[in-house]
Amino acid sequence: MLLKAAYGPGVAAGTFSLFMYVSMILAESLLGRTFGTYVLRPFGMQDSSLWVPVLAVLAIAAAALVNLVGNQWVERSATATAALKIVGIAVLAIAGILAAGVSSLDRLFTVAERTPPEHGWMGFLAGVTLCILAYKGFTTITNQGADLRDPERNIGRSIMISIALCTVLYLLITVAVTASLTVPQIIGARDYALAEAAKPMFGSWGVTLTVIIAVVATLSGLIASLFSVSKLYDMLRDMGQVPGLPGDGGHQSLYITAGLAILMAAFFDLSQIASLGAILYLAMDIAIHYGIVRRLKDDVNAKAWIPWVAIVLDVAVLVPFLLLKAQSDPLTLGITAIVALVIITAQWITVRHRSAQ
């Protein structure tokens, strides 16, 4: 809605809206692949090029089925699963810290025994690009605004609380992992590093416990995300920015969203999904902030310096990420360019068709 207000109901608004939609679908694929990786970890099959995507597809399909059952079930289970995720991850992280010694907390404030990024500041900033994906889940809250009680009050509070909780948990996880594992070990176990960090305290039980928490976290995240992203597709369809399927089915948006997530989970690995999602999301973020500064500043009572700072920070991490990806993984950049071109072309055709009617 911000994009439509800033750029009009044309190609630009539709393109960047779909960038956000696709980035959120990629986040679902990421959850699905993570589910498959952790489930297979006890069997030593976490790197399987067959079973990881198979389990990812099954997880997404199961989450879609739960959404088909009804929103009441989702709402009733959300609080319990959220509490289990937060407590479980915190327990694992704290256990990892205790195993390494409480003195490991000093790593939050010192630079002793740190390994500089391989590419210096460029590598550091590029790494931050992927970290942004870990925090973008609050968009799930905004897309469910119409379903919240007192949304004007609760949306803002929910976003701040969720970001604060994530920040604390992520810092604890970072300390636990870096205190327990060397950099090569972290790289080798990058898709299940928390399970490795829990091993010294819990032994083999640590892997099992981590798998259980990861399964709950990924499945509940998929259920909530599919509901949220389907709402976004409904909004875009009502605004004339995306097409619908033939017929009057009430779950069209869910079928489309789950189907695209399944395709991406089946054919892209975690690294490709994360990179593609980060690039599209940051491009959309820059477009929204620029639109606010140029067109909507007075309408929304925005302080101009805040969106400008956001734009500068987005560019500061996105450009190094693109430069390093061009050197190390040009295939992913090529895929991203193709996806962006398909979205732009589809929007151009959609706008022309709408104008001709």
> Do Val87 and Ile213 come close enough that some side-chain heavy atom pair is under 4.5 Å?
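Heavy-atom side-chain distance check fails, nothing below 4.5 Å.
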> Report yes if the side chains of Ile163 and Thr167 come closer than 4.5 Å at any heavy-atom pair, otherwise no.
yes
> Kindly say whether Ala265 contributes a backbone atom to a donor-acceptor pair with the side chain of Arg33 at under 3.5 angstrom?
yes
> With heavy-atom distances below 4.5 Å as the criterion, would you say the side chains of Val215 and Tyr38 are in contact?
no
> Please give me the minimum heavy-atom distance between Thr257 and Ile25, naming the atom from each residue.
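In this case the closest contact between Thr257 and Ile25 is CG2-CG1, 4.2 Å.
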> Would you say the side-chain atoms of Asn301 pair up with the backbone N or O of Lys297, donor to acceptor, closer than 3.5 Å?
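Checked: no pair found.
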> List the residues meeting salt bridge (Lys or Arg N to Asp or Glu O under 4.0 Å) with Asp269, not counting sequence neighbours, and say none if there are none.
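Result, salt bridge (Lys or Arg N to Asp or Glu O under 4.0 Å) vs Asp269: none returned.
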> Please tell me whether Tyr233 and Tyr21 form a close aromatic pair, meaning their ring centres lie under 6.0 Å apart.
yes
> In chain order, what residues pass the salt bridge (Lys or Arg N to Asp or Glu O under 4.0 Å) check against Lys325, with sequence neighbours excluded?
Asp329
> Can a donor-acceptor pair be found, under 3.5 Å and without considering hydrogens, that links the side chain of Ser23 to the backbone of Leu280?
no
> How would you list all residue pairs meeting ring pair (Phe, Tyr, Trp, His ring centres under 6.0 Å) that involve residues 314-333, not counting sequence neighbours?
none
> What I'd like to find out is whether the side chain of Leu3 reaches to under 4.5 Å of the side chain of Met20, using heavy atoms alone.
no
> Using modelled atom types and a 3.5 Å cut-off, is there a donor and acceptor pairing between side-chain atoms of Thr15 and backbone atoms of Val11?
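Looks like yes, one N/O pair under 3.5 Å.
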> Could you check whether Ser220 and Lys85, counting side-chain N and O atoms only, form a donor-acceptor pair closer than 3.5 Å?
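Checked: Lys85/Ser220 side chains pair up, N/O donor to acceptor below 3.5 Å.
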> Under 4.5 Å between side-chain heavy atoms, counting indirect links through other Ile/Leu/Val/Met/Phe/Trp/Tyr residues: same cluster for Val339 and Leu130 or not?
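Yes, one cluster joins them.
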> If you group Ile, Leu, Val, Met, Phe, Trp and Tyr by side-chain heavy-atom gaps below 4.5 Å, do Val317 and Trp308 land in one group?
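Yes.
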> Taking side chain as C-beta onward, heavy atoms only, is Leu318 less than 4.5 Å from Ile286?
yes
> Which residue, Leu341, Ile343, Val342, forms the side-chain contact (heavy atoms from CB on, under 4.5 Å) with Thr345?
Leu341
> Quick check: do Gln347 and Leu18 have side-chain heavy atoms less than 4.5 Å from each other?
yes
> Counting N and O atoms only, with roles assigned by atom type, does the side chain of Ser162 sit under 3.5 Å from a partner on the main chain of Ile159, one being a donor and the other an acceptor?
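Side chain of Ser162 to backbone of Ile159, a donor-acceptor pair under 3.5 Å: yes, one is there.
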> Within a strict 4.5 Å, meaning less than it, do heavy atoms of the Tyr135 and Tyr170 side chains meet?
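Yes - at least one pair of side-chain heavy atoms lies under 4.5 Å apart.
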> Between Ala64 and Leu226, which heavy-atom pair has the shortest distance, and what is it?
N-CD1, 3.4 Å
> For the pair Tyr290 (side chain) and Pro307 (backbone), establish whether a donor and an acceptor sit closer than 3.5 Å, ignoring hydrogens and angles.
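Here the side-chain-to-backbone pair does not exist.
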> Looking at Lys231 and Asp234, is there a salt bridge between them, counting it only when a charged N and a carboxylate O are closer than 4.0 Å?
no
> So among Ile60, Thr218, Ile223, Leu26, which one has a side-chain contact (heavy atoms from CB on, under 4.5 Å) with Leu31?
Thr218
> For Ser225 and Glu28, does a side-chain donor sit closer than 3.5 Å to a side-chain acceptor?
yes
> State, yes or no, whether a side-chain contact exists between Leu68 and Tyr255 at a heavy-atom distance under 4.5 Å.
yes
> Mind checking whether Leu276 and Leu322 sit in one hydrophobic cluster, side chains of I, L, V, M, F, W, Y counted as touching below 4.5 Å?
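Yes; Leu322 is reachable from Leu276 via cluster members.
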> For a quick test of reading the model, state the closest non-hydrogen atom pair linking Ala126 to Leu324 and the distance between them.
CB-CD1, 3.7 Å
